[in-house]
Structure formats: C-alpha cells, structure tokens
Student: 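Sharing a structure, written as structure tokens. Questions coming.
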Amino acid sequence: MRASDVMTTNVITVDPDMPVQDLATLLLDRGISGAPVVDAAGTMLGIVSEGDLLHRSELGTERHTERRHSWWLRHFVAADAREYARAHGRRVKDVMTTTVATVGEDATLAEVAMLLEKRRIKRVPVLRDGKMVGIITRSNLVRALAAARTMPLMTDHEDDDRSIRARLFEDLRQQKWATRVWPQDILVSHGMVTLWFSSDEPEDNRRAIRVAAENVPGVRHVEEQIVPAPLLPAF
C-alpha cells in the first residue's frame, strides 16, 4: 500500500493569520489535535498542534528563561525568542512549526511508519508538487493494519485496487445519502474492500454503501468495520 491509498483527503487546514484563540476553538470543535497551515495558493507553510499551545502567557504556562550575558551563549537567544513568540503570539504563524516532515503520494506505508516513529510525530502531510493533497495519521495506519487481517498482500493488483477505490468513491459521490463517505473510509487490497463506518451511521446507509461496493467490477469481497462516533468535548 502507498500513502495515497490510506491518506485522509478532507483535511482541515488553517490560515497563518488565524487568531490563536480561534485555532484553539477549532481544534476543540472538530475533535482534532493539529492542522496544517496553508496560504491562499494552497502551499503548506507549516503545521500547528496542541503542543504548540501548551506554553501560553494567558495560562501562565510560558517557559521562563534567565537573561544570558555570555557571548558564547548567544545561540540560545534565538531559541528564547522563539519561545517568547510561541507564548505571546496572537496568530497561527507565530506559534506554528515550520520544519515539517512530509511524504509523497507514492511513499510506502513502511516509509510513513518509520518517519512517524523517527520524528515522534502523530501526522505527516502528503504533498504533490509542493501542494498538500492529504494527511496520514497514526490512526490511518491502524485502519490499514486492521484491514490487512483479511486481505492478501498486494502485488500486481495494486493498480486494479486503486481503480476499484476510485470508481466506488465516484459512484458514492453521486448519491445524496452518501454525504459522510470519505476516501479514507475505503480500503481496497487484492479486490477485497473494507468499509469504515461511524457507529452513528444509519444501518440503511451502511447497507446501501456495501451494495454499491459489491457492484463495482473486480470486487471480490466487502467487509465492514465500525468505529465509535466522535464525542463532543465536555465542559
């Protein structure tokens, strides 16, 4: 499997000039822990996560640094300046991480997994010609692993599987009742389709989506996986 086979394509992104308080509200409301930062042209500028909001002056959690006088400690000054900007900055561009690990659409899942582990990160953007086309999180890899329980290893059927996935998603896009189906909810390997549904998805919808998958040429088997519906944050 490749990055394009499991990535989330409906990615929530933020503008570099978004106020930090609005960012915090967005993360809470959408139940996410981070988001890529992109400009008006769709070019990725960085990524911002909950970790970037931990040390804030409003909360009294900013890191305090001692004044340094020794000339050989001047390289610490830049780090202190960054910490100050993160603690007091009012815009996403002031707190975001700009050095971001990325992968291309053809990256293997093994390469993605190693990158997540090596960099100790939870998500990696997927780029095409410098533009972000998706994102892979740890949960995307867990889904792929769960689907692999019943799927043979992909060999020369990889292109056929991608055609099946694209055909099924395009068919579903034309149905008014399939508004909550996203590419990352469909995994195909060796003609075997795994569909991921939220537990609050109506049974009639699940049945119709399964039927649609069974009618795509080349599909050998369809399996459903149910995940808990996202919970609203408690206050």
Side-chain angles (χ1 to χ4, degrees), residues 1-18 22-23 26-27 30 32-52 82 91-145 147-148 154-174 178-189 193-194 196 216 218:
M1 280 186 168
R2 304 286 175 175
S4 59
D5 296 318
V6 302
M7 68 183 183
T8 297
T9 56
N10 55 314
V11 183
I12 298 172
T13 62
V14 296
D15 186 273
D17 289 318
M18 171 184 279
D22 290 351
L23 168 67
L26 175 68
L27 297 181
R30 302 303 293 266
I32 56 178
S33 61
V37 183
V38 301
D39 62 15
T43 302
M44 195 177 73
L45 306 176
I47 199 162
V48 64
S49 69
E50 293 172 332
D52 296 315
R82 286 193 297 269
R91 304 288 173 180
V92 165
K93 62 186 177 185
D94 299 320
V95 302
M96 69 182 184
T97 299
T98 55
T99 304
V100 182
T102 63
V103 297
E105 294 175 284
D106 291 330
T108 66
L109 296 195
E111 292 170 336
V112 173
M114 290 186 65
L115 181 60
L116 293 176
E117 181 179 31
K118 181 178 179 180
R119 298 291 293 269
R120 296 183 179 180
I121 54 180
K122 296 181 179 179
R123 62 190 65 79
V124 57
V126 183
L127 302 186
R128 179 198 303 154
D129 298 328
K131 309 291 185 180
M132 192 180 66
V133 293
I135 197 166
I136 296 180
T137 65
R138 294 179 180 181
S139 63
N140 291 123
L141 295 184
V142 172
R143 283 190 175 192
L145 175 61
M154 294 175 68
T155 54
D156 56 346
H157 293 77
E158 190 167 325
D159 290 337
D160 291 339
D161 291 333
R162 288 176 176 167
S163 297
I164 290 173
R165 185 169 179 260
R167 167 72 181 274
L168 174 56
F169 184 64
E170 183 60 31
D171 289 348
L172 292 174
R173 282 184 59 190
Q174 301 177 29
T179 56
R180 297 202 303 177
V181 179
W182 303 100
Q184 66 268 19
D185 298 325
I186 304 171
L187 290 177
V188 184
S189 181
V193 179
T194 301
W196 291 83
V216 174

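We count residues from 1, following the sequence as given. Any value given below was found using the heavy atoms of this structure, including those in side chains, with hydrogens, waters and symmetry copies removed.
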Student: If I compare all heavy atoms of Val14 with all of Ala35, which pair ends up nearest, and what's the gap?
Tutor: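 Closest approach of Val14 to Ala35, heavy atoms only: CG1-CB, 4.2 Å.
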
Student: Does Glu117 have any salt bridge (Lys or Arg N to Asp or Glu O under 4.0 Å) partners at least two apart in sequence or in another chain, and if so, which?
Tutor: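 None.
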
Student: If you look only at pairs with a residue in residues 98-109, which of them pass as a salt bridge (charged side-chain N to carboxylate O under 4.0 Å, His left out), with sequence neighbours excluded?
Tutor: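 Qualifying pairs: Glu105-Arg128.
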
Student: How would you list, by chain and number, every residue that makes a side chain to side chain contact (heavy atoms under 4.5 Å, CB included) with Ser139, sequence neighbours excluded?
Tutor: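 Applying side chain to side chain contact (heavy atoms under 4.5 Å, CB included) to Ser139 gives Thr137.
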
Student: What's the separation between atom CD1 in Ile47 and atom OG1 in Thr99, rounded to the nearest 0.5 Å?
Tutor: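 Rounded to the nearest 0.5 Å, the CD1-OG1 separation comes to 12.0 Å.
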
Student: Do Pro183 and Arg165 come within less than 4.5 Å of each other through their side chains, counting heavy atoms only?
Tutor: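 Pro183 reaches Arg165 side chain to side chain.
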
Student: Please list, chain by chain and in numerical order, all residues satisfying side chain to side chain contact (heavy atoms under 4.5 Å, CB included) with Ser49, sequence neighbours excluded.
Tutor: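 With neighbours one apart ignored, the set is Asp52, Arg123.
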
Student: Taking the side chain as C-beta and beyond, is there a heavy-atom pair between Leu187 and Val193 under 4.5 Å?
Tutor: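 The answer is no, as the side chains (C-beta and beyond) never meet within the 4.5 Å cut-off.
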
Student: Once rounded to the nearest 0.5 Å, what's the spacing between atom CD1 of Ile121 and atom CG of Leu116?
Tutor: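 CG of Leu116 is found 5.0 Å from CD1 of Ile121.
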
Student: Could you list the residues that satisfy salt bridge (Lys or Arg N to Asp or Glu O under 4.0 Å) with Arg120, not counting sequence neighbours?
Tutor: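 For Arg120, no residue satisfies salt bridge (Lys or Arg N to Asp or Glu O under 4.0 Å) once neighbours in sequence are set aside.
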
Student: Ignoring hydrogens, what is the shortest heavy-atom contact between Met7 and Val133? Give both atom names and the distance.
Tutor: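 What the structure gives for the nearest pair is CE-O, 3.8 Å.
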
Student: Test side chain to side chain contact (heavy atoms under 4.5 Å, CB included) on Arg162 and Arg2; report intermediate values, then the result.
Tutor: CA-CA 10 Å; Arg162 288 176 176 167; Arg2 304 286 175 175; 2.5 Å; yes

Student: Under a 4.0 Å N-O cut-off, is there an ion pair linking Glu170 with Arg173?
Tutor: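 Result for this pair is yes, salt bridge flagged.
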
Student: How far apart are the closest heavy atoms of Val103 and Ala107, and which atoms are they?
Tutor: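 Closest approach of Val103 to Ala107: CB-CB, 3.9 Å.
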
Student: Going from NZ on Lys122 to CD1 on Ile135, what distance comes out if it is rounded to the nearest 0.5 angstrom?
Tutor: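 Lys122 atom NZ to Ile135 atom CD1 measures 12.5 Å (nearest 0.5 Å).
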
Student: Walk me through whether Val48 and Thr97 qualify under side chain to side chain contact (heavy atoms under 4.5 Å, CB included).
Tutor: CA-CA 6 Å; Val48 64; Thr97 299; over 6 Å; no

Student: Could you work out, with side chain to side chain donor-acceptor pair (under 3.5 Å) as the rule, every residue matching Asp22, not counting sequence neighbours?
Tutor: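 Here no residue qualifies.
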
Student: Check Gly104 against Ala3 and note the closest heavy-atom contact, atom names and distance.
Tutor: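 The answer is O-CB, 3.6 Å.
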
Student: Among pairs that include at least one residue of residues 129-141, which meet salt bridge (charged side-chain N to carboxylate O under 4.0 Å, His left out), considering only residues two or more places apart or in two chains?
Tutor: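 The answer is none; no pair qualifies.
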
Student: Show the nearest heavy-atom pair for residues Ser33 and Leu27, with the distance to one decimal.
Tutor: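 Reported closest heavy-atom pair: C-CD2, 4.3 Å.
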
Student: How far does CG of Asp94 sit from CG of Asp17, to the nearest 0.5 angstrom?
Tutor: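 If we round to the nearest 0.5 Å, Asp94:CG and Asp17:CG are 9.0 Å apart.
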
Student: Start with the C-alpha gap between Met44 and Thr102, add the side-chain angles, then the distance that decides, and say whether side chain to side chain contact (heavy atoms under 4.5 Å, CB included) holds.
Tutor: CA-CA 10 Å; Met44 195 177 73; Thr102 63; 3.6 Å; yes

Student: Suppose we screen for side chain to side chain contact (heavy atoms under 4.5 Å, CB included). Which residues come up paired with Asn10, at least two apart in sequence or across chains?
Tutor: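 For Asn10, the residues satisfying side chain to side chain contact (heavy atoms under 4.5 Å, CB included) (neighbours in sequence not counted) are Thr8, Trp182, Gln184.
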
Student: Taking all atoms of both residues into account, what is the closest heavy-atom pair of Pro125 and Met132, and its distance?
Tutor: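 Looks like CB-SD, 4.0 Å.
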
Student: Under the rule for side chain to side chain contact (heavy atoms under 4.5 Å, CB included), what residues qualify as partners of Ala178, not counting sequence neighbours?
Tutor: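 Ala178: side chain to side chain contact (heavy atoms under 4.5 Å, CB included) contacts with Leu172, Gln175, Val181.
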
Student: Do Arg167 and Asp171 sit within salt-bridge range, that is, some charged N less than 4.0 Å from a carboxylate O?
Tutor: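 Asp171 and Arg167: salt-bridged.
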
Student: Mind checking what makes salt bridge (Lys or Arg N to Asp or Glu O under 4.0 Å) contact with Asp15, not counting sequence neighbours?
Tutor: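 In terms of salt bridge (Lys or Arg N to Asp or Glu O under 4.0 Å), with neighbours along the sequence ignored, Asp15 is linked to no residue.
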
Student: Does Arg119 have any salt bridge (Lys or Arg N to Asp or Glu O under 4.0 Å) partners at least two apart in sequence or in another chain, and if so, which?
Tutor: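 Listed in chain order: nothing, the list is empty.
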
Student: When you look at Arg180 and Asp185, which way does the salt bridge (Lys or Arg N to Asp or Glu O under 4.0 Å) test go after all the steps?
Tutor: CA-CA 9 Å; Arg180 297 202 303 177; Asp185 298 325; over 6 Å; no

Student: Quick check for you: to the nearest 0.5 Å, what is the distance between Asp5 atom CG and Leu109 atom CG?
Tutor: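 Asp5 CG to Leu109 CG: 7.5 Å, rounded to 0.5 Å.
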
Student: Looking at CG of Asp160 and OG of Ser189, how far apart are the two atoms once the value is rounded to the nearest 0.5 Å?
Tutor: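 Answer for the CG-OG pair, Asp160 versus Ser189, is 11.5 Å.
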
Student: Would you indicate whether the side-chain heavy atoms of Thr13 and Val37 approach each other to under 4.5 Å?
Tutor: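 In short, these two side chains do not touch, never coming nearer than 4.5 Å.
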
Student: With side chain to side chain contact (heavy atoms under 4.5 Å, CB included) as the criterion, how do Val6 and Val112 come out once you've worked through the C-alpha distance, each side chain's angles and the decisive distance to 0.1 Å?
Tutor: CA-CA 11 Å; Val6 302; Val112 173; over 6 Å; no

